[in-house]
Amino acid sequence: MLIAAGGFWSWQEYRRANQFRGVTLRIGVEHNPPTYDWSEQKGATGFAVDVMNEAARRAGVTLEWVYCERGSRVALESRFIDMWPAGYYRPGEYPALHQTRPWGQDQHAFVFDKGRMEEAPENLGGVNVAVVNRMAPLALARRLFPKARLVPAPSRRDVLRTMCVGAADVSFMDMRTVEGMLLDRPEQCREKTLQVKPLPEFTDPTSIFAWKDFGPVADVLRDRIDDMAADGTLMRFADRWLSFASSDVRHLLGLQEQARQLRWLGAVCLVMALAIGLMTWLIAKLRSARAGADRARQLQAEFLANVSHEIRTPMNGVLGTADLLLETVDNAEMREQVETIRESAYGQLELLNQILDQSKIDSGLLLLETTPFSPRKLVEQVEKTFLPMARRKGVELRAVVEGDAPALVQGDGLRIRQVLTNLVNNAIKFTKEGSVEIGLRVEGGGTMVTLLFTVSDTGIGIPRELQGSIFEKFRQVDASTTRKYGGTGLGLSISRQLVRLMGGELTLESEPGQGSRFGFQVQLPVARSAAPEATAAPVKGQMLTGLVVLVVEDNVVNQKVAAGLLKRLGATVELAANGVEAVTKCREKEYDVVLMDCHMPEMDGYAATMEIRKMDGAVRHLPIVALTAGVSGEERLKAMQAGMDGFLAKPVNREELASTLAALPRRDVPAE
Ligand code: ADP
């Protein structure tokens, strides 16, 4: 980009420098050596003439030199010429003319006759001062010496002569004229002792002047003078024409240096402006990309929540109905078939969970939750869950807790449980005989503890060459493993990512044929308030006897499942098909608890809960438990914010339902 900008700039410069090739201009001179001079034989000569000719040659412009006896102003005003090589006007004095950047400077001086006066008087009060009869020098002299009497001389050469013949006491002229004059004195001055008194405080910058329409050409010529100063040409002309180191040239070189510095500064500013522009553009692009990505993530999150909800709702129907059937069917063969339906549905649910988790991890949507949990109980629960599976396979399963485990720690117990569940499930799956051990070692104490979980088995082990890649998505030991053992190859990948999200690392040691040992560690704060954990009471027969439950659910199958499970637990059930019905029923009748679906037509569960919480009387404290297929952390939070007391995720099983409802405060429940 910078190279392109540099290239564009150079091309523009080239075009600018060459835009007036072939143009012819009439440019004026008068007698004022050594700056410029005119003779019939030689035409225009002098320092400024050489400089302008060289500048014109470089720009491809042709100059026609015109002798202007009456000076620059008259010649320009009459449009006798287009341009004047070097002159000074005060700003705004001559608005019809274009004035380039200065390329020299006029310095002025007094010249007087030593024989006539010792010293030129300070303010020249009453003194006769000879000045060339040109508007600019006259105006200048008038401005500088208001008390003097000015004696106009017809030409620059006549200024000195005027003084030498006694018509003036002092002559006032520019330094270059003085220089020329001293080299070639007028006749009348030859015998005089002339004294030059330079007036450095009265210096004026000189520029090229041109009619406004030729201003751009004049500027291009002026730029070429810069080039000449840079390559030494200008100094060569000065050496040729000017007898003492010309302040013009020094001044010009100073200007040249300034211009160069300015150009550098300009270039640096340009580069910085470009860089800033580029950065601003990049930031704007990043912002919009981020906004786009945020929106896409939001959409994906909504999509995942919807998919999860839509699959869980019918799954709740299948599993709930299977649970109910299992309790009614006595025939062993039929029971086995129902068991198959149940297990297949659980398998499918597990798969759904894995796919959802993986997509959440991939899109950065998986957030950890922090709640108090007991690490010891967590290990024991996982052991308890897998005991039947281990027993069926004839594998011994045990849990070993070492160290002083705190009663409660703060962390995402559900996710730790998910990792352990996956590891133990694999361990039992890939172990034919021997044992599987779930280990927990607690290190540290005080406010933080490190929990080291291990799952070791005496199973088939993992080939050494695959041990490094087994945590990759979809990776399994071999294709036949999949057919023999099932699975998606997502479990370990998800587990490792969950452990990493918790700040730990999942490790593996395995000896093929001997067994495997997976381990991970997490550092968690110890929970201060040892609030009693809602312990799941063992489900005993009809433990909800006498409980009047309002089931709010729009899906008819799920209504039946919830009602069936509750009735089996001894509860009395009433139904409402949406939030509006639920609110009306709660107003009319006293219930012990409401099982509230969250997503329903007309009025959803959150709104219905808020309505109930606004009612007068005891009903506003009625226990309300969400029973929903929306299982994300956000949905849990929403349920809590709406004022619900508990949360059950679909598909719900009998045990969870019973223990959650049993733990709620009861009015008066008849003894079982
Ligand atoms: P899957 O759903 O296939 O079990 P995982 O990611 O949990 O997916 O495991 C990937 C593969 O790692 C398994 O298919 C199996 O080949 C291997 N594996 C995992 N755990 C063990 C284990 N304890 N013993 C032997 N092989 C294992």
Side-chain angles (χ1 to χ4, degrees), residues 28-32 35-36 48 68-78 84-113 116-117 119-164 167-182 194-212 246-248 250-252 254-255:
V29 275
E30 59 177 335
H31 284 300
N32 189 16
T35 308
Y36 28 69
C68 307
E69 198 182 354
R70 296 179 60 207
S72 60
R73 188 162 184 157
V74 177
L76 279 166
E77 261 177 5
S78 61
W84 191 264
Y88 168 77
Y89 293 108
R90 274 186 298 151
E93 191 180 340
Y94 213 162
L97 292 182
H98 172 79
Q99 178 179 357
T100 65
R101 283 180 296 122
W103 71 273
Q105 72 177 355
D106 271 347
Q107 197 179 351
H108 296 88
F110 288 136
V111 182
F112 55 92
D113 181 0
R116 206 173 148 138
M117 60 166 63
E119 208 43 69
E122 271 309 300
N123 61 9
L124 302 183
V127 171
N128 293 328
V129 178
V131 188
V132 65
N133 193 9
R134 298 275 184 274
M135 281 185 206
L138 276 174
L140 181 67
R142 216 167 276 132
R143 181 160 54 89
L144 298 180
F145 324 115
K147 293 186 176 146
R149 266 198 306 274
L150 301 184
V151 183
S155 74
R156 281 194 165 76
R157 208 171 165 74
D158 292 323
V159 177
L160 201 60
R161 191 181 294 126
T162 307
M163 186 194 75
C164 291
D169 308 307
V170 177
S171 57
F172 173 69
M173 60 187 87
D174 65 75
M175 278 299 279
R176 277 169 298 166
T177 312
V178 175
E179 194 182 334
M181 214 77 38
L182 293 181
L194 296 180
Q195 173 79 36
V196 179
K197 187 185 178 195
L199 302 166
E201 60 274 34
F202 304 129
T203 52
D204 297 316
T206 52
S207 314
I208 306 171
F209 277 86
W211 274 95
K212 276 251 180 311
S246 165
S247 63
D248 271 359
R250 254 184 285 122
H251 175 72
L252 182 70
L255 287 176

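Because the structure is a prediction, the values reported are computed rather than measured.
- Evaluation of the side-chain contact (heavy atoms from CB on, under 4.5 Å) rule for Ala210 yields Met83, Phe214, Ala218 as partners, not counting sequence neighbours.
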Side-chain polar contacts of residues 128-135 - donor-acceptor pairs under 3.5 angstrom, sequence neighbours left out - could you list them?
unit_1, atom_1, unit_2, atom_2, d
Asn128, OD1, Arg149, NE, 2.9
Asn128, OD1, Arg149, NH2, 3.3
Arg134, NE, Glu30, OE1, 3.0
Arg134, NH2, Glu30, OE1, 3.1
Arg134, NH2, Glu69, O, 2.8

When you look at Met163 and Leu194, which way does the side chain to side chain contact (heavy atoms under 4.5 Å, CB included) test go after all the steps?
CA-CA 10 Å; Met163 186 194 75; Leu194 296 180; 3.7 Å; yes
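- The residue from Trp211, Tyr94, Tyr36 that alone fulfils the ring-ring contact (aromatic ring centres under 6.0 Å, His included) condition with Trp84 is Tyr36.
- Take Tyr88 and apply the ring-ring contact (aromatic ring centres under 6.0 Å, His included) test, not counting sequence neighbours, and it matches no residue.
- Scanning all heavy atoms of the two residues, the minimum distance from Arg143 to Pro146 falls at O-CD, 3.8 Å.
- For Thr162 (side chain) and Ala167 (main-chain N/O), no donor-acceptor pair under 3.5 Å exists by modelled atom type.
- In this structure, the side-chain contact (heavy atoms from CB on, under 4.5 Å) partners of Ser207, at least two apart in sequence or on a different chain, are Gln99, Thr100, Pro102, Phe209.
- Separation of atoms CG (Leu160) and CG (Asp113) is listed at 9.5 Å; rounding is to 0.5 Å.
- A distance of 5.5 Å separates CG of Asn32 from CG of Asp174, quoted to the nearest 0.5 Å.
- Of all the heavy atoms in Pro85 and Ala48, the pair that sits closest is CB-CB, 4.4 Å.
- With sequence neighbours excluded, no residue forms a side-chain contact (heavy atoms from CB on, under 4.5 Å) with Ala139.
- Partners of His108 by ring-ring contact (aromatic ring centres under 6.0 Å, His included), not counting sequence neighbours, listed by chain and number: Phe172.
- Here the CE atom belonging to Met175 is positioned 9.0 Å from the CG atom belonging to Leu199, to the nearest 0.5 angstrom.
- When all heavy atoms of Lys212 and Leu97 are compared, the closest pair comes out as NZ-O, 3.3 Å.
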